[in-house]
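For reference, the structure discussed in these notes is given below.
First the proteins, then the strands, lettered A, B, ... as listed; each starts at 1.
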Amino acid sequence: MESSNDLEKKTHESAEDMNSEDQVRTSSSSDENLNKHREEEEEGFMSVEKISRLPVSIKFNIPKKISTRKRRKSEQEDDDDPKGEEKKAKLSFGDKVLSSYEIEILRNASRRGYLKDREKKMVEALRAEIEDEIMLFHGLKLTEREVIDFRFKRDLYELLKKTEYDDDVEGYRIPDAYDREGCIDQKKRFAVAEQRYSERKSGRGVTEQEAWEDHQAQKARVSFGAKDKQKVVDGYEFVFDDLTGLVEESCEAETAKHRGCSSKTVAEKAREEREFLPIHGYRDELLKLIAKNQVLVIVGETGSGKTTQIPQYLQEAGYTKRGKIGCTQPRRVAAMSVASRVAQEVGVKLGHEVGYSIRFEDCTSDKTVIKYMTDGMLLRELLTEPKLDSYSVIIIDEAHERTLSTDILFALVKDVAKVRPDLRLIISSATLEAKKFSEYFDSARIYLIPGRRYPVEKLYRRWPDADYLETVIRTVFQIHQTEPTGDVLVFLTGQEEIERAETNLKGRMMDLGTKSSEIIICPIYSNLPTELQAKVFEPAPKGSRKVVLATNIAETSLTIEGIRYVIDPGYCKINSYNPRTGMESLLVSPISKASAEQRAGRSGRTGPGKCFRLYDVKNLEPTTIPEIQRANLASVVLTLKSLGIHDVLNFDFMDPPPETALLKAFELLYALGALDGKGEITKVGERMVEFPVDPMLSKMIVGSEKYKCSKEIITIAAMLSVGNSVFYRPKNQQLLADNARMNFYVDTENVGDHIALLRVYNSWKETNYSTQWCYENFIQSKSMKRARDIRDQLLGLLNKIGIELTSNPNDFDAIKKAILAGFFPHSAKLQKNGSYRRVKEPQTVYVHPNSGLFGASPSKWLVYHELVLTTKEYMRHATEMKPEWLIEIAPHYYKLKDIEDSRPKKSQRSSERASTSKVDTNKKTRTSKKVDTNKKTQTSKKVDANKKTKR
DNA sequence: AGACGTTCT
């Protein structure tokens, strides 16, 4: 066995090596034994080495199945591993039995481990209790008795924690400055914080991550004097990326909630806590910089407190005398919760000095000086207040997420800043994009604020698996059987995959029987009804482990407490719009590095976490393509035009969208009559821009005036706006759900999807907006409520632009004509084989399987809401119509020959066919190209896997 | 004959 000194040196070296992923690979491939070893690991076997590294407490809980496999494995390994001999003498797990002496050692170790674990659990439970009380008694005045109790618990916890850190080798030691309860004096805290910050900047010294690595290496030594190279665990290799890749949390308020304990009122406590945030020490410098620089790019790490603190600092510094401070968030919940947190800290009622503004909910007043809002909301405000006169500071938070709205805001706000030198701009971003933002804003200063978070240990597979779902499931069980308590979060691509994983997991659990403690499976995706979503947030009962199967929703939009392990197969569905075909495609693609880091970070919220990656980060693109480059820009162009931006093609986008996308948008807006031949906005366009919906929908609404059915049309528009989430299809009740849905199609001939949606809404309204009714009809009440909100808003706007509310409920023709007024470009004609062909673009399309028209006797002509490429080119929401209406409504767009029923002449037909097939191949190459640019083996294998499972 | 990731106005 090596001396501990040597070992230390070695581990240190290897830790440094691992800072570069490349080096991990080269160094490991030079070691043949290790490589062979690893190949076998791919099978998911456990080796002696690995067993030895497991926490002692669980060593004897390894199920039989694994241990026999392991036995085989260890024999193989020992055969050609001379060094293994040494280990074998000590630990032989093979057919040979351990010596009694060894067993004794193991037993003792196990016992010690158990007690340590138990102690930790108890302390953890105490901490949870304290936190619960803080949550529960939020804002309430406590009785004296309660206060005493609470103090006792808190003091006990602090005491325990101190001792734990003093002598517990097993625990991760939080650097002094991050000690949560603040028993350490301020100066020391910030000295440490700054030290860490400057060290990292210069690329030297011990970062938190390195400290964690050291600690890990030490742990390995403590348990069995195992080899220094701790690189493979059950088929995963370790990877220690540096921290710079880590991405922003969406809401610091949440982390703040868990900090600090005191018997004072929550508001007082909240105010005190402000001083413990990492950002506090940077306050003065920050304010100086803001005073000096008009634009400042702030890189605030997770948990730095920037979202809540910066507006308060600015307010304290007097910025609000000149105008409001506006802070944008990409999500509604974030805007709301941050605002509520800040109101609490400032000690005012939400909606007074501190407020928020989101769609359907304006919680601000004349007094409001700090205003949180969604980015889309500020964009809308810009339409009425182009110079943002009522603001003195604009903060664009989470800018690295690059939502469509923030990207447009960048350019607009940059422009406004030029004419308003007094306006201050703060762009807050994650590390990766900071430089880009700075360059865009004319070399704006970048300022870094360190954060506070737990380290995450990342493990990865070098080779992706053919069937990653299988690997996911095995990993879940591996974690369940070998890792300490903590819930598991799995990132999957969609509802279908989640459901498949769920049944599969349940099946395996049955096989395992009572041998293993329980796993509680919680699926979560946005289309899941709220009642079922709630399950994810309930803590798992004692002795069981929660396994959350989530889509991307868990990446940024919602945070689940108690997650310690993340399994990340590295895929998500990405929507991209093809301007040439006017079709959206929703394809499974590899995620970006930034996403990978964000996902990994989800395991380190309540304590040190572990992330199991089923891929090699090296193969990923650094960032996701910004939305503006893959979106339908019709609405963007119309908005910009109405803001008076003439040259949209040369607009100062940070990442310009493809020119074809802009041209296509112009083309459509011109066809809709929103822009004139010179590209200037028309009267119709100005009316359309009032409605916060897609231009085709707004044209439909404006067009409904003529057909005297605006009441029906706004309902349909609202229902179409909520999208695909109206009907709910649980996996085990699909037939029932389908039947319920079809009820809205009967009674009358040719009820299309639009009319069906109208009927759904009206039926719901008749039941007085009953949730029960939704439940009985497999309809999502969440979506219906949203539709009602949108409808109410549209109703108000109808009134504003002076369109009379008219109803014509039984004249389907009128309703369909109004739909066509906006959607005439979306027409399709039935072909002989049952598929459809678009009238204007030669392209074959199909009725979506979720449409009521699917499988019904086909109508000859259809108008559809949108075109989506998933496994095929599908029309979503389609309704039957008459071809002559096309010419009646859009004579500038359709000519008689477009709708002529007679067979085209031979020459014409063959040329048509040729062009169709051309388009088909085009489409194919485009799709495969996309796959190509996305990472080779991963994607193709994933595609294979998809095919396989489908058969 | 086969199925929408996530946001926002």
Side-chain angles (χ1 to χ4, degrees), chain A residues 250 328-335 357-362 373-384 398 401-409 491-500 524-528 550-558 571-576 584-589 591 595 624 627 630-631 635-636 638-639 689-695 697-698 718 721-729 731 734 737-738 741 783 786 789-790 793-794 797 833-835 846-851 853-856 858 865-872 874 876-877 950:
Chain A
S250 56
T328 71
Q329 295 289 322
R331 278 167 294 278
R332 295 162 54 93
V333 263
S357 174
I358 57 181
R359 191 180 184 183
F360 312 129
E361 225 181 309
D362 184 6
M373 63 221 292
T374 47
D375 45 15
M377 203 67 200
L378 184 62
L379 201 53
R380 279 273 140 189
E381 277 188 16
L382 267 163
L383 287 175
T384 52
E398 315 287 356
E401 287 194 28
R402 305 293 305 275
T403 65
L404 194 54
S405 303
T406 38
D407 262 26
I408 301 162
L409 276 177
F491 283 100
L492 298 171
T493 60
Q495 176 178 357
E496 200 211 333
E497 202 174 83
I498 287 173
E499 282 168 349
R500 221 165 55 219
I524 181 124
Y525 43 89
S526 82
N527 263 358
L528 193 74
T551 58
N552 242 6
I553 195 172
E555 196 177 296
T556 48
S557 305
L558 57 87
Y571 295 100
C572 69
K573 281 191 181 167
I574 291 193
N575 194 358
S576 42
E584 289 178 353
S585 52
L586 198 59
L587 299 176
V588 172
S589 322
I591 58 171
S595 275
T624 314
E627 203 182 345
R630 32 181 192 92
S635 157
V636 172
L638 187 61
T639 309
V689 89
E690 288 290 327
F691 296 95
V693 291
D694 186 82
L697 280 172
S698 56
S721 296
V722 302
N724 61 323
S725 54
V726 173
F727 299 103
Y728 177 56
R729 281 185 96 222
K731 208 185 179 192
Q734 288 181 351
D738 288 346
R741 184 167 49 100
S783 304
R786 190 172 163 72
D789 286 339
I790 297 174
Q793 193 184 28
L794 295 177
L797 291 167
N833 61 1
S835 67
Y846 303 85
V847 173
H848 197 280
N850 282 358
S851 163
L853 303 183
F854 186 83
H865 177 58
E866 59 186 348
L867 209 53
V868 173
L869 173 71
T870 47
T871 54
K872 255 183 178 179
Y874 286 118
R876 237 163 28 193
H877 299 126
K950 228 170 270 149

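Of the candidates B/dT6, B/dT9, B/dT7, B/dT7 carries the atom nearest the A/R331 side chain, counting heavy atoms from C-beta on. Of all nucleotides listed (B/dG2, B/dT9, B/dG5), B/dG5 comes nearest to the side chain of A/Q495. Among B/dT6, B/dC8, B/dA1, the nucleotide with an atom closest to any side-chain atom of A/K872 is B/dA1. Taking every side-chain heavy atom of A/R380 into account, B/dT9 is the closest of B/dT9, B/dG5, B/dA1. Between B/dG5, B/dT9, B/dG2, one nucleotide has an atom nearer to the side chain of A/R332 than all others, and that is B/dT9. The listed nucleotides are B/dT9, B/dT7, B/dG5; the one nearest the side chain of A/K573 is B/dG5. Looking at the side chain of A/I553, the nearest of the listed nucleotides B/dT7, B/dT9, B/dG2 is B/dT7.
In this entry the distance linking CE of A/M373 with P of B/dC8 reads 14 Å, nearest Å. Distance CD1 (A/I574) to P (B/dG5): 14 Å, rounded to an integer number of Å. Atom-to-atom, CD1 of A/I358 to P of B/dT7 comes out at 13 Å; the value is rounded to the nearest Å. As rounded to whole Å, 17 Å separates atom C1' of B/dT7 from atom CG of A/L378. Going from atom CD1 of A/I790 over to atom C1' of B/dT9 covers 9 Å, rounded to whole Å. The CG-P distance, from A/N850 to B/dG5, rounds to 10 Å in whole Å. Atom CG in A/D694 sits roughly 16 Å away from atom P in B/dT9 (whole-Å rounding). The CD atom of A/E398 sits 15 Å away from the C1' atom of B/dT6 (whole-angstrom rounding).
Residue A/R359 places none of its side-chain N or O atoms closer than 4.0 Å to OP1 or OP2 of B/dT7. Side-chain nitrogen and oxygen atoms of A/S526 include at least one within less than 4.0 Å of the OP1 or OP2 phosphate oxygen of B/dT6. In this structure, A/T374 reaches the B/dT9 phosphate: one of its side-chain N or O atoms is under 4.0 Å from OP1 or OP2. Regarding contacts with the backbone of B/dT6, every side-chain N or O of A/S557 stays at 4.0 angstrom or more from both OP1 and OP2.
A/T551 comes within 4.0 angstrom of sugar-phosphate atoms only, judged by non-hydrogen atoms across all strands, and of no base. Counting any heavy atom pair closer than 4.0 Å across all strands shown, A/N724 reaches a base atom. No engagement by A/E381 is indicated, since no non-hydrogen atom pair under 4.0 Å with the nucleic acid exists. Backbone-only contact: A/T870 has heavy atoms under 4.0 Å from sugar-phosphate atoms and none from a base. In this structure, A/R786 reaches the bases: a heavy-atom distance under 4.0 Å links it to at least one base atom across the strands shown. Heavy atoms of A/Y846 sit nowhere under 4.0 angstrom from any nucleic acid atom.
Nucleotides of DNA chain B nearest to A/R630 and A/F691 differ in position, and the one nearer the 5' end is that of A/R630. Along DNA chain B, the nucleotide nearest A/V333 and the nucleotide nearest A/G494 are compared for position; the residue whose nucleotide lies closer to the 5' end is A/G494.
Contacts of A/E866 classified as salt bridge (charged side-chain N to carboxylate O under 4.0 Å, His left out), with partners at least two apart in sequence or in another chain: A/R876.
Under a cut-off of 6.0 angstrom, the local environment of CD in A/E496 is sparse, with at most 12 non-hydrogen atoms contributed by other residues, nucleotides or ligands.
Between A/S357 atom OG and A/R380 atom CZ the span is 12.5 Å, to the nearest 0.5 Å. In this structure, A/H865 NE2 and A/L697 CG are separated by 5.0 Å, a value rounded to the nearest 0.5 Å. We find the OG1-CG distance between A/T870 and A/N575 to be 11.0 Å, quoted to the nearest 0.5 Å. Once rounded to the nearest 0.5 Å, the distance linking CZ of A/R729 with CZ of A/R741 reads 6.5 Å.
For the residue pair A/T406/A/E401, the side-chain donor-acceptor check at 3.5 Å is not satisfied.
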